[in-house]
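Okay, so here's the structure we're looking at.
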Amino acid sequence: MLQNSNNLKKNRDKNLKLMILSGTALVVLFFYTIYKSSSYIQSSTYSFGLIFIFILLVFAVVARLKKDKIQEFINKNKIKNSAFEQELQKTQAKNEDIKNEEDSSHIEVIKPNTTFKDVAGIASVKEELEEIVEFLDNPKKYYKYGIKLPKGVLLYGPPGVGKTLIARAVAGEANVPFFYQSGASFVQIYVGMGAKRVRELFAKAKANAPSIIFIDEIDAIGKTRSGKSNDEREATLNELLTQMDGFEGENGVIVIAATNKIEVLDDALLRAGRFDRRVKLSLPNINDRELILELYLKSIKHKLDVKKLSSELSGFSSATISTLINEAMLYMIKSNDKVLENRHIDIAKNKLEFGKKENFILNDIEKEILSIYQASKAFITKEKVGLFDENSTTLKSIFPSKNELKNELKKYLSGTIGIEVLKDEQYAIFEEDLKKADNLAKDMVDKYAMAKDYKELIEQTKVELKTILDENYEELNRLTKIMIEKEVIEKDEI
Ligand code: ADP
């Protein structure tokens, strides 16, 4: 405050001096001009000039006499301005505070009390993550043998299948802090803020180790770097990669990330030493849905046939099942009933069907089509296939042979041809697989010179598939029935 008023006084004096100096200079200049040019100026103009100088002089004298008043007036305005400036500064400081607060408040630490008991079904996922729990529980046991654990685990699968839930359960089981961040929250308007947040997140997690960092929707920052530049996202992704490279498992920090779109992730993220452990979560199958229903109905009085209901909920994600029960309960309460019954479920189901596309809820015909599609895939690959599995690459070798690539091509095309064989009709289903087939065939032609024309290669593969599947019509039918009933075909059933 004191410094402010001193500055104010200094400025005021300086201004006044400058004013007097320029006034004097003007008057001198004017007299000099008139003196030099008086002989050429007509008398009336000359008199006007003199009068003007006189007025100027009077004005200067008045200004000198009223100096204090003028100063007071200037001060007032200055104060007004500085009050405005102060207000502006205050607001700016406030905004800065809010920004900083937002920054650190987004990094929230949770001690979850969720455990594996709260996660129904997905037994194989739990099994895979059990090892992480054990490591976080007793890291020393692992260091002793020099075992390196993955730094990053990537959970991938459709929305609502429990990726976040299971990550929290891992933290709950191991009783370690859980740092939740959504990928989108890293991508800031200000360049550099996302990277800063990544650094803070890792610093906090390390300070609280053993701990878990969970990054939801990692695709928001981890998308393949395209031609279009997005400095902020790239800076954030680079910082994430740097941070992940910069720590070893010994730090006791495990990064778990989740995504619905693994295919769009930058390869750099999937390289060794980063998210090299990948765990797939699919839509729950019939058994899992039963377990999920049992979990949600545990403390509810009901008259439902859980087995039958679970078979009717094909395509429901775990989250949709939870919403379904919730909605049904709302109708039960609304209608003053005390016991949950089928009619409440039916009303809730109808409501959910409106959001069918997002919820991927299947009717009987749709389920049959999807079952044929997946059964054909199981028959061709001789591998276990679930009803809601998506085709991801199964190429294992770094240098795949032509035969391996052709088999991969067959896998992508088998579903559509299988449907054609059993239903004698074409269906628009899984365009993604057709795109993958196209890209692979193009690579086989352009990159590896294994064929002359990619369209021809695809056509030829389709003909081969049609012949095999036609010849095994009955077998395909049998597998389809298993798929409809159990929503999964095990390897030994093929
Ligand atoms: P994702 O992260 O895969 O989108 P979430 O973990 O956020 O899905 O799941 C959303 C909600 O769905 C959870 O809060 C939980 O209520 C329910 N849910 C999901 N999976 C399961 C499961 N396996 N068992 C019980 N509830 C589940």
Side-chain angles (χ1 to χ4, degrees), residues 108 110 112-130 132-133 152-173 178-185 212-222 254-265 275 278-300 302 304 306 309-310 313-330 348-349 352 355 357-361 386-390 392 487-488:
E108 45 173 312
I110 312 165
N113 42 22
T114 313
T115 65
F116 281 166
K117 271 201 215 103
D118 303 299
V119 187
I122 52 174
S124 60
V125 176
K126 283 187 204 165
E127 218 171 273
E128 282 210 50
L129 296 174
E130 199 81 59
I132 308 282
V133 174
V153 180
L154 182 68
L155 305 174
Y156 66 100
V161 291
K163 298 184 288 295
T164 313
L165 187 74
I166 193 88
R168 287 173 74 105
V170 170
E173 287 282 335
F178 181 77
F179 291 87
Y180 175 93
Q181 281 285 290
S182 95
S185 76
I212 287 180
I213 291 178
F214 179 68
I215 306 175
D216 201 6
E217 292 168 19
I218 194 167
D219 40 284
I221 37 171
I254 297 240
V255 187
I256 303 182
T259 180
N260 306 334
K261 311 172 206 151
I262 191 171
E263 67 285 353
V264 305
L265 287 190
F275 291 101
R278 280 160 239 169
V279 182
K280 185 176 166 189
L281 283 90
S282 302
L283 285 171
N285 62 26
I286 197 162
N287 290 333
D288 281 349
R289 290 199 301 267
E290 195 179 326
L291 294 170
I292 293 164
L293 278 170
E294 273 166 6
L295 178 78
Y296 287 121
L297 295 169
K298 203 169 55 186
S299 50
I300 299 171
H302 69 86
L304 303 171
V306 176
L309 181 57
S310 73
L313 300 182
S314 279
F316 276 61
S317 70
S318 325
T320 324
I321 296 177
S322 132
T323 315
L324 178 81
I325 300 295
N326 208 48
E327 287 285 333
M329 288 290 290
L330 285 178
K349 223 156 102 186
L352 285 179
K357 245 206 151 90
E358 299 90 75
N359 287 327
F360 201 69
I361 300 167
L387 183 62
F388 303 108
D389 284 358
E390 281 162 35
S392 48
E487 298 186 4
V488 63

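Atoms within a ligand are numbered from 1 in the order they appear, just like the ligands themselves.
Considering each of Ala319, Ser318, Ser322, Ala169, the one bringing a non-hydrogen atom nearest atom 21 (C) of ligand 1 is Ser318.
At a 4.0 Å heavy-atom cut-off, ligand 1 does not touch Asp216 at all.
A salt bridge links Arg289 and Glu487; the closest N-O separation between the charged side-chain nitrogens and carboxylate oxygens is under 4.0 Å.
Considering backbone and side-chain N/O of Leu165, one or more are found under 3.5 Å from N/O of ligand 1. The shortest N or O to N or O distance between Val161 and ligand 1 is below 3.5 Å.
Less than 4.0 angstrom separates some heavy atom of Pro159 from each of these atoms of ligand 1: 4 (O). Atoms of ligand 1 found under 4.0 Å from any heavy atom of Leu295, numbered from 1 in the order shown, are 25 (C). Near Thr164, the atoms of ligand 1 lying under 4.0 angstrom from a non-hydrogen atom of the residue are 2 (O), 6 (O), 7 (O). Below 4.0 Å from some heavy atom of Ala120 lie the following atoms of ligand 1, by number and element: 22 (C), 23 (N), 24 (N), 25 (C). Close contacts of ligand 1 with Val119, meaning ligand atoms under 4.0 Å from a residue heavy atom, involve 23 (N), 24 (N).
Considering only heavy atoms from C-beta on, Ile218 comes within 4.5 Å of Ile215 through its side chain. Considering only heavy atoms from C-beta on, Lys163 comes within 4.5 Å of Val161 through its side chain. When side chains are defined from C-beta on, Phe178 does not count as touching Ile213, because their heavy atoms never get closer than 4.5 Å.
If you check the side chains of Thr320 and Thr323, you find no donor sitting under 3.5 Å from an acceptor. Counted by atom type alone, Tyr156 and Asn260 present zero donor-acceptor pairs between their side chains at under 3.5 Å.
Distance alone, capped at 3.5 Å, is enough to place a donor-acceptor pair between the Glu173 side chain and the Phe116 backbone. Listed for the Lys126 side chain is a donor-acceptor partner under 3.5 Å among the backbone atoms of Val119.
When only non-hydrogen protein atoms are considered, atom 17 (C) of ligand 1 lies nearest to Tyr296 OH, 3.2 Å. With hydrogens left out, the protein atom closest to atom 8 (O) of ligand 1 is Gly162 N, 3.2 Å, a heavy atom. The protein atom (non-hydrogen) at minimum distance from atom 4 (O) of ligand 1 is Gly160 N, 2.8 Å.
Residue-ligand proximity: Ile321 is placed with every non-hydrogen atom at 4.0 Å or more from ligand 1.
Taking the centre of each ring, Phe179 and Phe214 stay at or above the 6.0 Å mark.
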